[in-house]
Amino acid sequence: MQQHTAQFTEKYDHLSASYAQLKVDNAQQKAEHDQLREFVMNMASQSGDTCAPPPFWPYNNQPPPPPPAPPLC
(Lines give C-alpha, C1' and ligand atoms only; values in the text may rest on other atoms or scores of the structure.)
Protein backbone atom coordinates (compact mmCIF):
# COMPACT_ATOMS: atom_id res chain seq x y z
CA MET A 1 0.00 0.00 0.00
CA GLN A 2 2.80 2.40 0.85
CA GLN A 3 4.48 1.64 -2.45
CA HIS A 4 1.30 2.54 -4.37
CA THR A 5 0.91 5.69 -2.33
CA ALA A 6 4.50 6.67 -3.10
CA GLN A 7 3.98 5.99 -6.82
CA PHE A 8 0.80 8.05 -6.90
CA THR A 9 2.46 10.84 -4.96
CA GLU A 10 5.37 10.86 -7.41
CA LYS A 11 2.99 10.94 -10.39
CA TYR A 12 0.96 13.70 -8.75
CA ASP A 13 4.08 15.77 -8.12
CA HIS A 14 5.20 15.26 -11.72
CA LEU A 15 1.79 16.22 -13.10
CA SER A 16 1.60 19.24 -10.80
CA ALA A 17 5.00 20.43 -12.03
CA SER A 18 3.96 19.87 -15.65
CA TYR A 19 0.73 21.78 -15.08
CA ALA A 20 2.58 24.68 -13.47
CA GLN A 21 4.96 24.82 -16.45
CA LEU A 22 2.04 24.75 -18.89
CA LYS A 23 0.43 27.66 -17.05
CA VAL A 24 3.67 29.64 -17.34
CA ASP A 25 4.00 28.78 -21.04
CA ASN A 26 0.37 29.71 -21.66
CA ALA A 27 0.81 33.06 -19.93
CA GLN A 28 3.91 33.77 -22.04
CA GLN A 29 2.09 32.84 -25.25
CA LYS A 30 -0.84 35.04 -24.29
CA ALA A 31 1.49 37.96 -23.60
CA GLU A 32 3.23 37.44 -26.96
CA HIS A 33 -0.14 37.19 -28.70
CA ASP A 34 -1.34 40.41 -27.08
CA GLN A 35 1.88 42.21 -28.06
CA LEU A 36 1.60 40.99 -31.65
CA ARG A 37 -2.05 41.99 -31.82
CA GLU A 38 -1.25 45.46 -30.49
CA PHE A 39 1.60 45.78 -33.00
CA VAL A 40 -0.64 44.79 -35.91
CA MET A 41 -3.39 47.15 -34.78
CA ASN A 42 -0.89 50.01 -34.49
CA MET A 43 0.50 49.27 -37.95
CA ALA A 44 -3.00 49.18 -39.43
CA SER A 45 -3.97 52.48 -37.82
CA GLN A 46 -0.75 54.16 -38.98
CA SER A 47 -1.06 52.97 -42.55
CA GLY A 48 -4.39 54.68 -43.03
CA ASP A 49 -5.62 51.80 -45.13
CA THR A 50 -9.02 50.42 -44.46
CA CYS A 51 -10.19 46.95 -45.11
CA ALA A 52 -11.45 46.32 -48.60
CA PRO A 53 -15.22 46.30 -48.89
CA PRO A 54 -16.79 42.91 -49.41
CA PRO A 55 -17.32 41.97 -53.06
CA PHE A 56 -20.67 42.91 -54.54
CA TRP A 57 -22.84 39.87 -54.92
CA PRO A 58 -26.00 40.40 -56.92
CA TYR A 59 -28.98 38.07 -56.85
CA ASN A 60 -30.11 38.34 -53.29
CA ASN A 61 -26.61 38.60 -51.77
CA GLN A 62 -25.52 35.21 -53.14
CA PRO A 63 -22.00 34.56 -54.47
CA PRO A 64 -21.68 34.22 -58.24
CA PRO A 65 -21.84 30.72 -59.71
CA PRO A 66 -18.54 28.96 -60.44
CA PRO A 67 -17.15 29.22 -63.96
CA PRO A 68 -18.17 26.48 -66.38
CA ALA A 69 -15.96 23.42 -66.62
CA PRO A 70 -13.62 23.25 -69.60
CA PRO A 71 -14.82 21.05 -72.46
CA LEU A 72 -13.62 17.48 -72.55
CA CYS A 73 -11.66 16.63 -75.69
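No hydrogens, no waters, no symmetry mates; every other heavy atom, side chains included, goes into these values.
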*Asks:* Measure the shortest side-chain to side-chain distance between D34 and E38 over non-hydrogen atoms and say whether it is less than 4.5 angstrom.
*Replies:* no
*Asks:* At what distance, to the nearest 0.5 angstrom, does NE2 of H33 lie from CD of Q28?
*Replies:* 15.5 Å
*Asks:* Could you check whether atom CD of E10 has more than 12 heavy atoms from other residues, nucleotides or ligands sitting under 6.0 Å from it?
*Replies:* no
*Asks:* For the residue pair D25 and Q29, confirm or rule out a side-chain donor-acceptor distance under 3.5 Å.
*Replies:* no
*Asks:* Tell me, please, which residues at least two apart from K23 pass salt bridge (charged side-chain N to carboxylate O under 4.0 Å, His left out).
*Replies:* none
*Asks:* Please round to the nearest 0.5 Å and tell me the distance separating atom OG1 of T9 and atom NE2 of H4.
*Replies:*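 Those atoms lie 12.5 Å apart.
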*Asks:* Which distance, rounded to the nearest 0.5 Å, do you find between the OH of Y19 and the NE2 of H14?
*Replies:*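 Taking OH in Y19 and NE2 in H14, the distance rounds to 15.5 Å.
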